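Below, each value reflects all heavy atoms present in this structure, side chains not excepted, and no hydrogens, waters or symmetry copies. Here the structure is a predicted model, which is why all the values come from computation and not from measurement. Residue numbering restarts at 1 for every chain, and letters A, B, ... go by the order of the sequence lines.
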Amino acid sequence: MKKTAPELLQKEKKERDFSLPELPDAEKGKVITRFPPEPNGYLHIGHAKASIVDYEYAKMYNGKFILRFDDTNPENVALEFFDVQKEDLRWLGIEWDEEYHTSDHLEKHYKLAEKLIKQKDAYVCVCHSDAIKDGRFQGKECDCRDVSNEKNLYLWKDMISSSVEGAVLRLKGDMKSVNTAMRDPTLFRIIDKPHPLLGDKYRVWPTYDFAGAVEDSLSGVTHPFRTKEYELRDECYFRLLELLKLRKPHLMEFARLSIEGMPVSKRKIKPLIDQGKVSGYDDIRLPTLRGLKKRGILPETIKQFVFSQGISKAESSAAFSLVEAINRKLLDSAAKRYFFVQDPIKLVVDNAPSMKKTISLHPTDEKLGSRIIKTDNIFFVPKTDMKNLNIGDVFRLKDLYNIMITKKNKEINAEYAGEELIPDSAKIQWTAEKVIKMIVFVPGLLYENDNYNPNSLEKVEGFAEDAVSQLETGEIVQFERFGFVRIERQNNNIIGFFAHK
RNA sequence: GCUCCCGUAGUGUAGCGGCCAAUCAUCACGGCCUCUCGAGCCGUAGACUCGGGUUCAAAUCCCGACGGGAGCACCA
C-alpha cells in the first residue's frame, strides 16, 4: 500500500464547511422564513445575524423570505424606522420576497381572539397589573377566569370599542405550571396611543406571544428562528396554535450574537447618546449596522462573521478582532494604498533631486492605478519613526529614495543617499510639502470589563498625501503602516474613520 | 427562589456514540516572502468543566455537581 498509493496514508487536511447546517423537515422550494423586526430603532449586529440566517436559509432551499414588521405596540413603533430598517437590510445585501406589517392583520387577530373566548380558552381580565403579577407569582387564579363566555365576549367587544379601561385578554393556561410563561399570559392589551400607520383606528393590540405565533403560522412560515431568551415561550406558542387549529411551524432558537465591549441594547446605547458620549446610532464604536458601515466594515464581512458564529444555543461574546480579520482580508485586495503621516515632523533633504514619481496604488494589483507625487526637498514623516533613528542612519522614503539623517532638531535634516533599494532598511511613509491635513477617528472598546471607557475614541491628526483629496466619501483605503480607513468628506475637510490595522 | 437553556484551546467555532492521538478561524510565537507595522506562505504552542453511570467503544447518551446565561411584563 505504501508503494502503490502513498497518498491514501497521508492524512487529508479537512476543510471547514462554513455553510449553514441542513434544516429539519425542509424541502427544496417549500421553505419559508421570516425576519420580524420591531420598527423601533436602528438595526445592529444581532439583527444582522437573525436576518442573514433567515434570508440565507430561504435562499438555500429556493424558498421564500418574508420581511414582517412586528408593529403591534404603538408605544414603541416610530414611522421613520420602517424605512431605516429596510435601508439597513439592503445595505447588508438582503432582499425579501414579501413585506408586510403585523398591524395589517389586526382584524384577523380579533377574530381569532374571539374564537378563543368562545372556546373558553381566553378571558378578559380586569385585575390590576400588580394583582396579575402577584397571582402569577403565587400560581393563583383570579375571579375573572370564571366569568361566562357571553360576558367575556361582551367585555372583549367593550375593550375594542373603547369604554373599558385597563382590561387585558388572557390565555386560559395553567396558573400552576412550572413554566411561568404559561400562567395565563396576556394576549391582548389596550394601548391608547396612535399608531404611526393606522392612527387611532385600534386600541387593542396583541402581545408578542399572540401576534408572533399567529403571524408565523398564517403567513406560511415553515422555519421561524428566534433568539434563545424566548425559549420558555415555546410552549405558549404551540398551545395557542393548537387551540386555534393553526399549522405549527418548525420553531427554532439560537443564541444572541454579542461582541465584547460593544453594547447592543437600546437601553445601554440611548443614555450614551443623550449624554453625548457617543455621537449617535452611527457612532463608529457601536455595533449598529450604521456604525459598522461608517467605520468601513463591509456587508460581506458581516455575513461571513455571522456564518462563522453558527447558530448554536451556546452563548458567547466574540472579540471584534474576529470581525476585523475577515474585513482585512476582504479589503486587502481592493483597497488603494496611500501615505498618511501621523504626528508629522518636517524633513528637509539637502541636495534632493526634484522628482515626479509615479507610485502604484496597490502592491500587486496594477488595475487599481497609480498616482504621481511631485517631490522637492521638503517632506513630512512620522515623528515616532524619527525618534528611533539617529544622525548618520540611512532610511528610505518608501517608493522614492534613501536618505541619511544629518541633523535632528525641531525638524529633521537629511541628505540624499541614492535611489537603489538597500535590503532591510526601514521604509517609511511620507508626504511631500503639499499635504492634506486630516483627522482620523480611531475607535476603541466602548466598554472595558463592563465599565464605560471614556477614552474609547482617539483623534489622530496628521498629514495625508495630496492625492487623498481626490477620494470620495465612502471609499476605504489603506494608509500604509497605519491601517484601513474609511474616507468621508465633511464640508471642505476630509476626515477618516479607522476600521482596523 | 423556581424553571429552562448552555458549558470543546486565550477568544470564537466544527464535531453530537467508533473515521477525534478533535475542525477551522483568530490570537501568540518562529521562519519565508514583500519597497507597509498590511496581505500571502510554512511551522510551533494551545481545548472536550468535574464526578459517576450505560456501552466492546463517549467530547458525543444518562444522572449529579459546579460554572455561565435567560425567563418569571399589559416589551419584543
Practice item. State whether the number of non-hydrogen atoms from other residues, nucleotides or ligands found under 6.0 Å of A/Lys228 atom NZ is greater than 12. Key: yes
Review point. Is A/Glu229 side chain donor-acceptor paired with the B/G71 base, going by distance under 3.5 Å alone?
Key: no
Exercise for review: Could you measure between the two P atoms, the one in B/A45 and the one in B/C35, and give it in whole Å?
Suggested key: 32 Å
Exercise for review: Please state how far atom NZ in A/Lys501 lies from atom C1' in B/U36, giving the value in whole angstrom units.
Suggested key: 9 Å
Check your understanding: Which base sits across from B/C48 as a Watson-Crick or G-U pair, both distances under 3.5 Å?
Key -> none
Exercise for review: Hunt down the Watson-Crick or G-U wobble partner of B/C2, both distances under 3.5 Å, from any strand shown, or write none.
Suggested key: B/G71
Exercise for review: State the pairing partner of B/A76; accept Watson-Crick or G-U wobble contacts with both distances under 3.5 Å, and report none otherwise.
Suggested key: none
Check your understanding: If you check the A/Arg328 side chain, which of B/U36, B/U3, B/G38 turns out closest?
Key -> B/G38
Review point. Which base sits across from B/G38 as a Watson-Crick or G-U pair, both distances under 3.5 Å?
Key: none
Check your understanding: Using the P atom in both, what is the distance from B/C2 to B/A65, to the nearest Å?
Key -> 11 Å
Practice item. State whether A/Arg136 places a side-chain N or O below 4.0 Å from either non-bridging phosphate oxygen (OP1 or OP2) of B/C74. Key: yes
Point to revise | Ionic contact status for A/Glu229 with A/Arg256, cut-off 4.0 Å | key: yes
Point to revise | Reported CD-to-NZ distance for the pair A/Glu56 and A/Lys303, which is rounded to 0.5 angstrom | key: 4.0 Å
Review point. When you compare B/U34 with B/C41, how far apart are their C1' atoms, in angstrom units rounded to a whole number?
Key: 11 Å
Point to revise | Spacing of A/Lys313 atom NZ relative to B/U13 atom P, expressed in whole Å | key: 15 Å
Check your understanding: For B/C33, what is the paired nucleotide under Watson-Crick or G-U wobble rules, both distances under 3.5 Å?
Key -> none
Practice item. Using Watson-Crick or G-U wobble geometry with both distances below 3.5 Å, tell me the partner of B/C66, or none. Key: B/G7
Practice item. Between B/U49 and B/A9, how far apart are the C1' atoms? Round to whole Å, please. Key: 14 Å
Study note, to complete from the structure: Re B/U60: Watson-Crick or G-U wobble partner, both distances kept under 3.5 Å, found to be none
Point to revise | Residue matched to B/C20 through Watson-Crick or wobble contacts both under 3.5 angstrom | key: none
Practice item. Report yes if at least one side-chain N or O of A/Thr180 is closer than 4.0 Å to OP1 or OP2 of B/C72; otherwise report no. Key: no
Check your understanding: Can you check whether A/Ser316 has a side-chain N or O nearer than 4.0 Å to OP1 or OP2 of B/U13?
Key -> yes
Practice item. For residues A/Asn388 and A/Asp393, report the shortest heavy-atom separation together with the two atoms involved. Key: O-OD2, 4.5 Å
Point to revise | Electrostatic pair A/Lys427-A/Glu480, nearest N-O below 4.0 angstrom | key: no
Check your understanding: Where the side chain of A/Val168 is concerned, which of B/U36, B/C74, B/A39 is the nearest nucleotide?
Key -> B/C74
Review point. Going by heavy atoms in the side chains, are A/Arg337 and A/Leu361 under 4.5 Å from each other?
Key: no
Check your understanding: Would you say a side-chain N or O of A/Arg233 is under 4.0 Å from OP1 or OP2 of B/G71?
Key -> no
